[in-house]
Amino acid sequence: MLFFSYFKDLVGQEVTVELKNDLAIRGTLHSVDQYLNIKLENTKVVDQDKYPHMLSVRNCFIRGSVVRYVQLPKDGVDVDLLHDAARREARGG
Amino acid sequence: MSWAAPDDIFFSTSLAAYLDKKLLVLLRDGRKLMGLLRSFDQFANAVLEEAYERVIVGNLYCDIPLGLYIIRGENVVLIGELDVEKEELPAQMIQVPEAEIKRAQKAEKEEMLLKGTMRKRMEFLDLD
């Protein structure tokens with residue numbers, strides 16, 4: 001639940017999602033769900049030449065199970081807030 | 001599960017916004033399927049109508065028709081909405097018939113295998 005809530009607060013920010021198949025996609029976080037499936041808008045593939053089939057894709061749905069990393073801008077995270085939330089969650093919240 | 005209100009599809013992560021649209025579906029085995037999304041569920045299982053597989057080898061590509069497909073959600077990597085106003089592929093790519101792309105695929109696979117064995121032979125040198 002923690003990361004679902006965390007990502008909900010990040011909606012509207014630009015993120016780069018790196019998938020387990022090494023594909024990396026930059027885009028605006030449109031929505032997220034309980035499985036951490038992600039919808040991105042205005043997408044641009046990092047290393048576009050390697051993935052020609054993605055040329056005209058502007059919005060996409062990414063299944064949560066295939067995400068390796070979600071890269072965020074450094075200032076996009078309130079680390080202290082996240083820290084507290086994690087502590088609360090660990091305590092059994 | 002409550003039914004989505006007409007406007008909900010624009011704010012949530014459901015695939016409802018993609019219904020009846022032409023999509024690109026990337027599968028875990030690297031295949032690229034394209035077609036019209038007709039149905040989906042909570043596992044991202046999907047029904048694709050007029051589906052075809054776009055096989056790309058270097059600058060060559062081929063669309064192999066598949067018909068009506070049900071995709072099991074666990075194999076889905078990404079579902080992309082294609083912008084109809086943009087070119088689907090870079091201009092330099094050439095469409096070729098199925099037989100030719102299969103030959104190109106085989107050649108690429110053999111090249112990869114060869115690279116693999118050569119690398120294995122060089123491993124003892126510890127060059128990295």
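All figures in this text were calculated on a predicted structure; none of them were measured in a lab. Lettering of chains follows the sequences in order, A, B, ..., and the numbering in each one begins at 1.
- For B:Arg72, the CZ atom counts as loosely surrounded, since its 6.0 Å shell holds 12 or fewer non-hydrogen atoms of other residues, nucleotides or ligands.
- Residue B:Ile70 places its CD1 atom among 12 or fewer non-hydrogen atoms of other residues, nucleotides or ligands, all under 6.0 Å distant.
- Looking at A:Asn59, the atoms closer than 4.5 Å to chain B (heavy atoms on both sides) sit in the backbone and in the side chain alike.
- The same ILVMFWY cluster, assembled from side-chain heavy atoms under 4.5 Å apart, contains both A:Val11 and A:Leu2.
- Across A:Lys20, A:Arg58, A:Gln48, A:His53, the residue that shares the most heavy-atom pairs under 4.5 angstrom with chain B is A:His53.
- A:Val66 places none of its side-chain heavy atoms less than 4.5 Å from the side chain of B:Leu26.
- Contact annotation: the side chain of A:Leu55 never approaches that of B:Lys86 to less than 4.5 Å [non-hydrogen atoms, C-beta and beyond].
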**Report entry** Intermediate values then yes/no, side-chain contact (heavy atoms from CB on, under 4.5 Å), B:Val77 and A:Leu23
**Finding:** CA-CA 10 Å; B:Val77 169; A:Leu23 175 62; 5.7 Å; no
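- Cluster membership for B:Ile79 and B:Leu37, using ILVMFWY side-chain heavy atoms within less than 4.5 angstrom, is shared.
- With a 4.5 Å cut-off on non-hydrogen atoms, A:Ile62 touches chain B through its backbone and its side chain both.
- When all heavy atoms of A:Lys39 and B:Ser14 are compared, the pair lying nearest together is NZ-O, 2.8 Å.
- In this structure, the side chains of A:Val57 and B:Leu82 come closer than 4.5 Å at one or more pairs of heavy atoms.
- Heavy atoms from other residues, nucleotides or ligands lying under 6.0 Å from CZ of A:Arg87 number more than 12.
- Residue contact with chain A, scored on non-hydrogen atoms closer than 4.5 Å, involves the side chain of B:Tyr18 exclusively.
- Hydrophobic clustering (ILVMFWY, side-chain heavy atoms < 4.5 Å, transitive): B:Met34 and B:Val76 are in distinct clusters.
- Considering every non-hydrogen atom in both A:Cys60 and B:Gly80, the closest pair reads CB-CA, 3.9 Å.
- No continuous path of ILVMFWY side-chain contacts below 4.5 Å connects B:Leu89 to B:Val25, so the two sit in separate hydrophobic clusters.
- Across all non-hydrogen atoms, the minimal contact from A:Ser31 to B:Thr13 is OG-OG1, 3.0 Å.
- Here B:Gln42 contributes atom CD and A:Asn37 contributes atom CG; the two are 11.0 Å apart, rounded to the nearest 0.5 Å.
- In the displayed structure, B:Glu87 atom CD is contacted under 6.0 Å by at most 12 heavy atoms of other residues, nucleotides or ligands.
- Environment of OH in A:Tyr51: crowded, with over 12 heavy atoms of neighbouring residues, nucleotides or ligands closer than 6.0 Å.
- Options B:Arg54, B:Met93, B:Arg28, B:Lys32 differ in how many heavy-atom pairs under 4.5 Å they form with chain A, and the most are formed by B:Lys32.
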